[in-house]
Amino acid sequence: MIQPFTSDPLRWVSEDGQPIRELPARFTPELLRELHRQMVRAREFDKKLVTLLRQGRTTFYAQASGMEGTQVGLARSLRVGHDWVWPYYRDHTLGLAMGISMMDIVSQCLGTNSDLCRGRQMPHHFGVADKRFVSISSSIASQVPPAAGTAMAQKYLGTDEITVCTFGDGATSEGDWHAGMNMAGASGAPCLFVCENNQWAISTHLREQTASETIHIKAKAYGMPGYYVDGNDIVAVMEVMEHVAGRVRAGEGPALVECLTYRVGSHSNADADAEKQYRTREEVAEWEARDPITRVERLLEHLGAPIDPQEIRDLVAAIHREVDEAVRAAEATGQPGWEIMFEDVYADKPVHLERQEDFLRAEQPATVGGRA
Amino acid sequence: MIQPFTSDPLRWVSEDGQPIRELPARFTPELLRELHRQMVRAREFDKKLVTLLRQGRTTFYAQASGMEGTQVGLARSLRVGHDWVWPYYRDHTLGLAMGISMMDIVSQCLGTNSDLCRGRQMPHHFGVADKRFVSISSSIASQVPPAAGTAMAQKYLGTDEITVCTFGDGATSEGDWHAGMNMAGASGAPCLFVCENNQWAISTHLREQTASETIHIKAKAYGMPGYYVDGNDIVAVMEVMEHVAGRVRAGEGPALVECLTYRVGSHSNADADAEKQYRTREEVAEWEARDPITRVERLLEHLGAPIDPQEIRDLVAAIHREVDEAVRAAEATGQPGWEIMFEDVYADKPVHLERQEDFLRAEQPATVGGRA
Amino acid sequence: MTATQNPARAGAGAGETRTLTLIQAVTEAMREELARDERVVVFGEDVGARGGVFLATAGLQAEFGRARVFDTPLSEASIVGAAVGMAVRGMRPIAEIQFADYMGPGFDQLISQAAKIRYRSGGQFTAPMVIRTPSGGGVKGGHHHSQSPESYFAHTPGLKVVMPSTPYDAKGLLKAAVRGDDPVIYFEPKRLYRAAKGEVPTGDYTVEIGKGAVRREGRDLTLIGYGGVMPDAERAAAALAAEGVEAEVIDLRSLLPWDRELVLESVSRTGRAVLVSEAPRTANFMGEVAYVIQEELFDQLLSPVVQVAGFDIPYPYVQDKIYLPGPNRIAAACVQALNY
Amino acid sequence: MTATQNPARAGAGAGETRTLTLIQAVTEAMREELARDERVVVFGEDVGARGGVFLATAGLQAEFGRARVFDTPLSEASIVGAAVGMAVRGMRPIAEIQFADYMGPGFDQLISQAAKIRYRSGGQFTAPMVIRTPSGGGVKGGHHHSQSPESYFAHTPGLKVVMPSTPYDAKGLLKAAVRGDDPVIYFEPKRLYRAAKGEVPTGDYTVEIGKGAVRREGRDLTLIGYGGVMPDAERAAAALAAEGVEAEVIDLRSLLPWDRELVLESVSRTGRAVLVSEAPRTANFMGEVAYVIQEELFDQLLSPVVQVAGFDIPYPYVQDKIYLPGPNRIAAACVQALNY
Ligand SMILES: Cc1ncc(C[n+]2csc(CCOP(=O)(O)OP(=O)(O)O)c2C)c(N)n1
Ligand SMILES: Cc1ncc(C[n+]2csc(CCOP(=O)(O)OP(=O)(O)O)c2C)c(N)n1
Ligand SMILES: [Mg+2]
Ligand SMILES: [Mg+2]
């Protein structure tokens, strides 16, 4: 029923919220409200963090607004804490929906003592061991070969885990993307590759990125099935992921899922004036009309279970409070001292780093704190 | 008529030398004899160089025996000295058929003063500027992105040249292969990619190399047509190349041609006992029966224009004399002196290299010679 | 050689100048080279309509068209490789790698193709090309937007490596790189993009690759650096001057080849050398400079050569400023050398 | 510390030994680690049925099966990346890169993933893994089968870098690398694969990463090297001994971290240091060693630290032997240091 290599994206719910295939039974109004809540939570998180950024309290942020259907849908198809995830830098919505706390994400964005990653990386590059959500590397597509490796380990160890590896459309041009995809294919390891195709890589449109018509077709090069799904239709995302993750888990080898979506915000704070530079307001408006959150609201209306606008307003207010509280709690832990710089380079600190630390100690006043 | 993405390799002449499609008019007995002569010349060159290697007069050699249909066929489809070629290290048969002299190839293999590349690289990595045959790099697939670049230059400059880029089946796993293919696709540059699929990369079979069923299918990932051809049928190779090179030259963008062939010899001198290690004698024997040279002989018989065995013996003897003469002439030029080491690192010699040269001069007795 | 190299004297003659930032000088060099030579093209990730993430190429696509200034797929191997192939076919490509931290995916193209094609072909094929890339820390970028990988390339025969620290040099070195016949890695110290301002001739001039510049004359010690650390080195020198110590300040500008004559002449007078860079210390390029100084001037040295460098850790995010050698750390090293 | 480190004393205790070549010692280490720990796997291009192009893995697939010893696609990024991903998931991969010259395509995986994952994750994720790769010249391989790229990696915080020159160290260092919790680049000096023979304990032992070894004691100067140049350094020392000069010979064995204590203790006694490597001179790892020696022992040095290194050119084919520092060139540098 769910076929790879379709010419159009698989879709269950039309852009105006009407089911165009039979709605699977699990999509009860309760589930849809829960998905809606998670998507709104991520959307509002984006807004609050952009404000934080404008206030200069963090230095980088990459919104996923518009991509909630894809990321929340994917999160629901994982066995959180069991399956491994090699994500990319725009996956905080995925992380939130997987149950990573706002505190953990915000702490990483602020580089506070509460940051599990200890302030090492620029904002938005978090990682959480107990969710098996591997800490993000900025180097585009560099997560793809390691994801293949983790899946190979899972196969070798005989686990029933799978590995999920996400990336943008632009990432598919990197040599490492190919290296990882081919390795996964050749090894038959349980890896689920998910392309969050938001059609732009900073200012470069997919049409300039590659001459191939779609991303999922590239799966042919690796002998794996490639699925094409409307990434703004969370029902479709969940149905396809469920099916494909099931295949992968069953040992049928890796697979690629392309989720067609759009980033309605700027690439990052660095191109806040994107529409003046490389894309039209019309294009953005067109995609705003296909918004994954509105689509679920319309679907609920269609199902006769509309969400009360007041409920949404309350939800938004609650989320804002949740973010504020996470920010407050994170900031309250303070910034890590300079000593932390020399930890985690190696399992044990070699002599030359001890010497460099001593040098800096003589220069810097001692700082208090550091996560226990 | 000539379609991309066929499930079987395109073929004009059956394995036992019978035309299975109408033989194009240009394949007169005269042309077929000429192709036969070139293939035999390359095959005998291989044999003589392997002997040279056994004698310790050169240190590396990678035979192309069995692959003459592909390489000679390809050579005939180029405008030699006009089109650019970014070859790989098993392309001496292509080079010979393009009119690169035995003297030039042998000189490179021996690293003599007559080596156009001045003894810089290990044997079998030649390059000849006036044939626009770019000097070979050992680093597998590293020629692919530059080939895309040369084609982009050709497009930018408005020439009617094309670029040909060759590689083995193993090379298609490298990240750089992907990078070059995708760049060519995205830019629409006139690049003809040719995979010489001999099914082995040293001891690694194509089945372990990638899960994709064929190589040509990978063209889908780059929005270019992928052609599948019997690389041991020189008629097929020439027909397909003619067609595809024509398309590329006409500005229809890059294309990939997969030539299915086999290397009947070892990978190089390093695995002379290949059949004891990783492949069976039966497999080799099976492919020897599909030999591209015998196939042309049978075709000529079928056309009623058989080659007289004595003629072949005379031809072989003449080729051996030609190789002997090339070896003698190359060896007579002597080995380049040590001074040459410091040339061609940069356009002009920087001070630190002058100092290093002076240092070595004080250590080494001056040598005479060096190519003018 | 020992005189402070004054832009007006060193280069373009008596022509007009304007005050530009370092990044404006980079843009101007590209604009002029694009106008001068049809073989010049500019490409990389987001260099077209967006004008590059730092806006170094802003306006160039509008001015020269999409054939000459264009976006590429997101692949550094594609970008470097395309530059090699274009250069071999007779063009003069200027390619941008968005951050020096992302040279990794293009590394093999640089070391196996760009650096070796002239050598391996006996000079039959050459790759005159420029890879521009912003490098260094101080912008709160964490370890993937702050690294200083120049030592890798300075250790790669066949490449040339330069890093300007002034707008004047930025323009002149970039033009020299475009016109030279070798592959050049042109590092742009990103924290100086807008912080470094200076007089730049409106006219045409080049700064010779391989030559350093004396930024300040002094007799007590020689302070040697390149790229992003230069303003802090000069600040350190000024602070020392206030205490009566005259440091001679040398900006190497080129790392491969580097100006050993200039360095040795200076240290032979001052007897002391402090080397400043922000790359991790171990096997840093400055080890080479230190080695040569002690080898050549063993008897003239009054104190050991001292390095101020980055720590041997991945560049951290929170401690961005502490990581970098600032004027105090540099001045302290000078005092250490003087008090030896 | 100053005593010649005798294998029997330094490691395995009183156990039995056998004479092995360096490559046999490498194979033996892998065999024993495969047998010891199920988490260990061995993979790379042609390491399976073929046993690797140098036969370092010969027999291992037959012994341990295809799940534990296997061929990979022809992609160094795949190989290094897979090792990272396996290690993160709790395995202990030993991956082979067929020649050190081909680290290029896997370079970003090494510097962006392997070297930084522990740091960037605050220690939440780690990559205990070994990349084995044959390096160095002397086998008439031209520049793609002869290079010595170790300086790139020694300049990369987060990696460890080792290079044995004896069968004893080859086995002990490889075992230490497999058991350690960090990513290790393990260079194998290919021209010593069969040329270096020595006693190797049959039992289990490790050689600590970060520790050098004194190969010969001497009082007149300290000769420091690693990897492929060691036998020639020892030959040079023997030739000098015949003329009454006693050179102390140190084999660094580890480059990152390297044994500064051992080096400084020796040079503090001899007053002279000659550093031998075959990598191109400029920005070579040995520049670091030279820098530290002159910094720490300025007053004890009797002559400048001298380097004998490769030339700053791509490794040539025809002049394979001339390129390499042989015993004569090394001895000449020692004489130069002594006559200073
Ligand atoms: C190797 C590498 N090259 C370049 C960059 C700079 N960069 C950061 S994000 C980005 C675009 C990524 O686009 P895409 O993969 O489509 O993801 P999206 O941002 O659209 O989610 C680029 C070029 C990088 N981080 N890493
Ligand atoms: C980057 C790189 N990795 C590994 C090697 C070692 N190597 C040389 S030839 C070869 C196999 C190539 O196979 P294929 O591309 O199929 O070409 P064939 O030899 O079959 O013609 C390998 C692995 C290399 N030269 N370059
Ligand atoms: Mg995108
Ligand atoms: Mg092959």
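Just so it is clear: chains get the letters A, B, ... in the order the sequence lines come, proteins before strands, and each one is counted from 1.
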Engaged part of B:Thr172 at the chain A interface, taking heavy atoms whose separation is under 4.5 Å: backbone
Separation between CE of B:Met183 and OG of A:Ser173, rounded to the nearest 0.5 Å: 9.5 Å
Heavy-atom pair of closest approach, residues A:His178 and B:Glu174: CD2-O, 3.2 Å
Close approach to chain B in residues 238-249 of chain A, criterion heavy atom under 4.5 Å: none
Residue pairs passing the ring-ring contact (aromatic ring centres under 6.0 Å, His included) test where at least one lies in residues 142-174 of chain B, sequence neighbours excluded: B:Phe167-B:Trp177
Positions in residues 206-229 of chain B that reach chain A, provided some heavy atom is under 4.5 Å away: B:Glu208, B:Gln209, B:Thr210, B:Ala211, B:Ser212, B:Ile217, B:Lys218, B:Lys220, B:Ala221, B:Tyr222, B:Gly223
Residue-level contacts of residues 137-155 of chain B with chain A, using a heavy-atom cutoff under 4.5 Å: none
